[in-house]
Amino acid sequence: MPQIMISQENFSRLQASAVPLVDTIDTVVARALDALERGTLHESNAPSERVFDAGSPPDLSFTTVRWASVDGAVLAGAETYWKLILMAVIRAAVAHGAISTQISKRLLANHIDAMKEDGGYKFVPEAGLSVQGQDANNAWKSAAYLADGFGISIEVAFVWQNNPKAALPGQAGRLVVNSNNAR
């Protein structure tokens, strides 16, 4: 059996497409090759993606994150939820040299400068603070504001679910915060 080397970025992309505890790298590659051979990787009926202003996006309720990167690192599939993107931005702020009090001052989400894991709080050990769960809109607003303040880039591709309550049912979108936007 041949052995191949792939970049960390492509490995992360494979992980994002994998079904946990079901897929192997081989099954994910096989599925991608099947889609390529069927010509379905770039279907003409796939929703066209619109790029929205990161500072004032439409209502993100009823969206599913398809892909996300924070500070250039592609998040694994299990991390592609709005609240987990916020957590990744907090960890990136620490990696940029920010300390807990600096992060706390810019963090728009409910948080406590200590470990707390009840009442919907999730502890971020790298930052020494706990953040309460957020809906998609508040998680994005907080992540974007924090990223802008600490020079962290974020890119998120998502799609609105086919739900009549969704802002743009069935449509795809992208939000981008560039690290050069830092204040």
Side-chain angles (χ1 to χ4, degrees), residues 7-23 25 28 52 54-161 166 173-183:
S7 67
Q8 182 60 46
E9 179 183 1
N10 284 335
F11 183 75
S12 295
R13 291 173 66 198
L14 284 172
Q15 284 181 310
S17 298
V19 177
L21 302 176
V22 175
D23 277 323
I25 291 173
V28 176
F52 295 97
S56 58
D59 186 354
L60 298 172
S61 301
F62 305 102
T63 56
T64 301
V65 176
R66 298 290 188 190
W67 179 89
S69 72
V70 174
D71 229 13
V74 177
L75 301 182
E79 295 179 312
T80 55
Y81 294 92
W82 294 105
K83 64 184 176 185
L84 297 179
I85 294 167
L86 171 57
M87 301 299 174
V89 172
I90 293 169
R91 287 191 300 275
V94 171
H96 279 237
I99 60 174
S100 179
T101 54
Q102 292 170 317
I103 295 169
S104 189
K105 287 179 183 176
R106 285 199 69 87
L107 191 55
L108 302 177
N110 290 339
H111 64 283
I112 296 173
D113 294 328
M115 183 174 179
K116 180 176 174 73
E117 293 200 322
D118 60 349
Y121 283 85
K122 174 81 172 147
F123 184 60
V124 184
E126 298 88 344
L129 52 85
S130 300
V131 180
Q132 194 170 39
Q134 303 287 306
D135 67 12
N137 292 300
N138 290 328
W140 172 255
K141 182 178 178 182
S142 193
Y145 186 69
L146 194 61
D148 187 52
F150 290 107
I152 299 164
S153 61
I154 313 173
E155 190 167 353
V156 181
F158 61 94
V159 64
W160 276 274
Q161 299 160 8
R174 183 172 295 262
L175 295 167
V176 178
V177 174
N178 292 316
S179 61
N180 59 1
N181 290 344
R183 291 180 187 148

Notebook entry, point to check: Distance only, no hydrogens: is a donor on one side chain within 3.5 Å (strictly under) of an acceptor on the other, for Ser153 and Asn178?
Noted result: no
Next item on the list: May I ask you to test the Val70-Arg91 pair for a side-chain heavy-atom distance under 4.5 Å?
Entry: no
Check: Between the side chains of Ser104 and His111, does any donor sit under 3.5 Å from an acceptor?
Finding: yes
Check: Could you state the interatomic distance from CD1 (Ile85) to CG (Leu175), rounded to the nearest 0.5 Å?
Finding: 9.0 Å
Next item on the list: Examine distances only and state if a side-chain atom of Ser142 and a backbone atom of Ala139 form a donor-acceptor pair shorter than 3.5 Å.
Entry: no
Check: How many angstroms lie between CG in Asn138 and CG in Leu86, if you round to the nearest 0.5 Å?
Finding: 10.0 Å
Notebook entry, point to check: Cation-pi between Arg106 and Tyr145: NZ/CZ under 6.0 Å from ring centre and within 45° of the ring axis?
Noted result: yes
Check: Just wondering, do Met87 and Val131 contact through their side chains at under 4.5 Å, heavy atoms?
Finding: yes
Check: So with a 6.0 Å cut-off around OH of Tyr81, is the heavy-atom count from everything else above 12?
Finding: no
Notebook entry, point to check: Distance only, no hydrogens: is a donor on one side chain within 3.5 Å (strictly under) of an acceptor on the other, for Ser61 and Asp135?
Noted result: no
Note to self: Can you confirm whether Asp113 sits close enough to Thr101 that some side-chain heavy atom of one is under 4.5 Å from a side-chain heavy atom of the other?
What the structure shows: no
Note to self: For Asp148 versus Val177, what's the shortest heavy-atom pair and its separation?
What the structure shows: N-CG1, 4.2 Å
Checklist line | Shortest non-hydrogen contact between Gly128 and Phe123, atoms and distance | finding: C-CE1, 3.7 Å
Check: Taking the side chain as C-beta and beyond, is there a heavy-atom pair between Trp67 and Phe158 under 4.5 Å?
Finding: no
Next item on the list: Kindly say whether Arg66 contributes a backbone atom to a donor-acceptor pair with the side chain of Thr80 at under 3.5 angstrom?
Entry: no
Check: Do Thr64 and Trp160 have side-chain atoms, one donor and one acceptor, less than 3.5 Å apart?
Finding: no
Check: Do the side chains of Asn137 and Asp59 get nearer than 4.5 Å, heavy atoms only?
Finding: yes
